[in-house]
Amino acid sequence: MAYKLLSEPIRKYIREKRWDKLRPIQAAAIPKILETNNHYILASHTASGKTEAAFLPIISKVNFNEVGVQVLYISPLIALINDQFKRIEDLCKNLEIDVTKWHGEANRSLKKKLIKDPQGIVLITPESIEAMFVNAPYNVVTLFKNLKFIVIDEIHSFLGVDRGLQLMSLLFRLKERTNAQFAIIGLSATIGNENFLEIKKITGDVERTKVLVDKTKKITKAYFKYFENKGKEYGLDLLKDLYLETNHSKTLVFPNSRAKTEEIAVKLRRISDKVGGHKNYFSHHSSVDKEIRESVENFAKTNERFNFCISCTSTLELGIDIGTVDKVVQIDSTFSVSSLVQRIGRSGRKEGESSNVIIYTTTKWSFLQSLACWGLYEKDFLEPLRISEKAYDILLHQLLSIAKQNSGIKQAELINFIILNPVFKLIRQNEVEEIIEECLKLEYLEKIRDEIILGLEGEYIVNSKDFYSVFKTEENFKVSSQGRKIGEMPFSPQIEVGENILLAARIWKIKDVDFNSNKIEVIPANDGKPPTYSGTGGNIHPEIRKEMFRILKSNFSYPELNENCKSILEELRFEFKHFTINDFSRDVPIVLKENSILVYTFSGSKINKSIKFIFAILGYESLLDENNSSLDINSNLDDLKGIFTSNIKSKIDLDLAIKEALLENKTFLNFSKWGVYLPVFYQIEIIKDRYFDFDGAYSFLEKSRLVLQDI
DNA sequence: GACCTGCTGCGGGCTG
């Protein structure tokens, strides 16, 4: 049915590919895209043919003889653009449609050629769109004035993050600048019912956006193993077991940090060398050199014969094509259910194959958390994500970008343009005015007669290559060996001549350090330590903690646990045996200690941080342990009960406390690259909006009942 | 107790 609607060249393409039938998401999308002008979100699991579901009907529908770029494909990753380029070019090969890559590493003369003769399909990143607006806004019109479709790949990766807000703003600016009438097609992995409304908001027109979902779920087999970690590094028992588990298959191992990724890769390789196993052990994360990463991806994708093991971080979570793997190993719990879903989806990618995951854990609370994530995965729960409605920091970034783009814009016009942008819908006009006033005062912007232009400080900020992205990056040392790039590592005391490090699944000795140009020269060595990388800690969703609580208080037995896991679960359940819990949403176990009280909140990280902050305002210091979601509060029982039962909200001045905390500790705002340029009042607002969850914390304190152990 | 993502313009040197 859907097949017949496609144009003849596309049907020919399908016949040549010998596809016997269209995939479900393709069959659903083709008639909708061909016959309506709606925006669509195509949600379907990895490797289910989403790219073709969008491009088969788009190429059928669009007349590529018209002047101007007809289709703009936006991707969060350069690597994905390079992957998709091959697929889309293959689709277009008999149709004389030009496909052009447009990102920071793409060929410049091909970009120039496109500007001279704008046509076909362009593959781009959000930052490159931003750069075009800032440096060559006339090109935006030349290229895109006749645009018919925008395809956004991995659109879920933009949901609930600053980069998504930037993308929303850019989509609006694109439409306003070019007057083009385009439809938006978002491609997404599973997003969960909870997120349909939020993901529709990205197009800027919820009413016109429809979601098409393929709910087919693959069978997943999971097995849990437990090896208590005693030292800093993994124990030999775990490594040996992991080796036997992985040496006869194609495997991905996810150990949750770059340092541990290196440790696993190097140590498994060493075991393999000793027993004469295969040598295909790799590490893959952001600090491994790009070319090495590409060669690892390529090995996995093209090699049929040999087994391999890639130890990796979330770099291999998104849609980069690495072919099929037999098995996924997770070491200690993921920080979210959606991360677990993506990682599991990496195995058994062929239709009809089941996915296989083995979960190793090394601490009892990590074990419980991973069991909770697995339980929620089976119940089809995914963390709900929320588009920030008062993104004053992104607003400031876009103000500077728009000022540069227009080189002179009337103040009223600038304000109006911001107000009309759906991404800033809930920011009031007087707030925009106030932020502009502050920008004028600090010379980010300047007013000449009634026109706004970039100020001196603003020029300095916008003319940096760091301007185009809304996320922060750390500065690193570049590591190379005899002219060959290995990767990067951040500054640490470990950077010293003679020290040995692990990187790109190999051991190296530092031969030379150049502190002026941040370069490290290394030679191969035999033994070393993983480099230390710093991170800030993730946010666990409350539902994961609730599930942990439920598991603790249930008698359910899990066939997917090995004997060690079973006894750890018993141990944990025994610890909580004497708490009588009637209502998981209200009852809070507490333990009286000598000078403090231990409160098991079983709530999310943001709520925990907020509760700690509230207690600090009230004069009670506390220690937060995110492993078991507990707060050890320096308080007595009467005080604690008082705080839990009274209306705390009215008694504290949150804004004042955050202001003081900000003065004391500037790193508070580290999550926001552009927040530092805002007036303090707005900094406080974004901290409340994105760092904390005070509504969640107040509601927790109000409804909770403290439960002591039965005697 | 974390992970990830992106990038201009210009000038100089080299290659085809």
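Chain naming here is simple, since letters A, B, ... match the order of the sequence lines and numbering starts at 1 in each.
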For a quick test of reading the model: is some side-chain N or O of [X] closer than 4.0 Å to OP1 or OP2 of [N]?
X	N	result
A/S469	B/dC7	no
A/R293	B/dC4	no
A/S157	B/dT5	no

Margin query: Using a 6.0 Å cut-off, check whether atom CD of A/E475 has over 12 heavy atoms from anything other than its own residue.
Written below: no
Next item on the list: Indicate whether the side chain of A/S169 and that of A/N421 have a donor and an acceptor atom separated by less than 3.5 Å.
Entry: yes
Item checked: Side-chain donor-acceptor contact under 3.5 Å, A/Q369 with A/D332 ->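 Distance-only check fails for A/Q369 and A/D332.
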Using whole Å, report how far [atom1] of [X] lies from [atom2] of [N].
X	N	atom1	atom2	value
A/N539	B/dA2	CG	P	13 Å
A/E474	B/dT5	CD	C1'	13 Å
A/H541	B/dG1	NE2	P	24 Å
A/K606	B/dG1	NZ	C1'	17 Å
A/E130	B/dT5	CD	P	20 Å
A/D162	B/dG6	CG	C1'	14 Å
A/L623	B/dG1	CG	P	14 Å
A/E626	B/dG1	CD	P	12 Å

Check: Within 45° of the axis and under 6.0 Å from the centre of the six-membered ring of A/F133, does NZ or CZ of A/R173 qualify?
Finding: yes
Check: Centre of A/F85's six-membered ring, under 6.0 Å away, within 45 degrees of the axis: is that where NZ or CZ of A/K101 sits?
Finding: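 Checked: cation-pi criterion met.
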Check: Just checking A/Q166: base, sugar-phosphate only, or nothing, at a heavy-atom cut-off of under 4.0 Å?
Finding: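 Nothing, no nucleic acid heavy atom in range.
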Note to self: For a quick check of understanding: with a heavy-atom distance under 4.0 Å over all strands, which category does A/D466 fall into, base, sugar-phosphate or nothing?
What the structure shows: base
Notebook entry, point to check: What about A/S366, does its side chain sit under 3.5 Å from the base of B/dG1 through a donor-acceptor pair?
Noted result: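 Per atom types, no contact qualifies.
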Notebook entry, point to check: Does B/dC3 have A/F335 stacked on its base, where the ring centres are within less than 5.5 Å and the planes differ by under 30°?
Noted result: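 The ring of A/F335 is not stacked on B/dC3.
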Next item on the list: Mind running ring pair (Phe, Tyr, Trp, His ring centres under 6.0 Å) on A/W674 and A/F467 for me, showing each step along the way?
Entry: CA-CA 10 Å; A/W674 300 100; A/F467 179 72; 5.4 Å; yes
Check: Nearest nucleotide by nearest heavy atom, which residue falls closer to the 5' end of DNA chain B, A/N628 or A/T473?
Finding: A/N628
Next item on the list: Report, as a single string ordered 5' to 3', how protein heavy atoms within less than 4.0 Å touch nucleotides 8-16 of chain B: B base, S sugar-phosphate only, - not at all.
Entry: BBB------
Item checked: Residue that, paired with A/Y360, satisfies side chain to side chain contact (heavy atoms under 4.5 Å, CB included) out of A/F224, A/F227, A/Y226 ->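 Of the listed residues A/F224, A/F227, A/Y226, the side chain to side chain contact (heavy atoms under 4.5 Å, CB included) partner of A/Y360 is A/F227.
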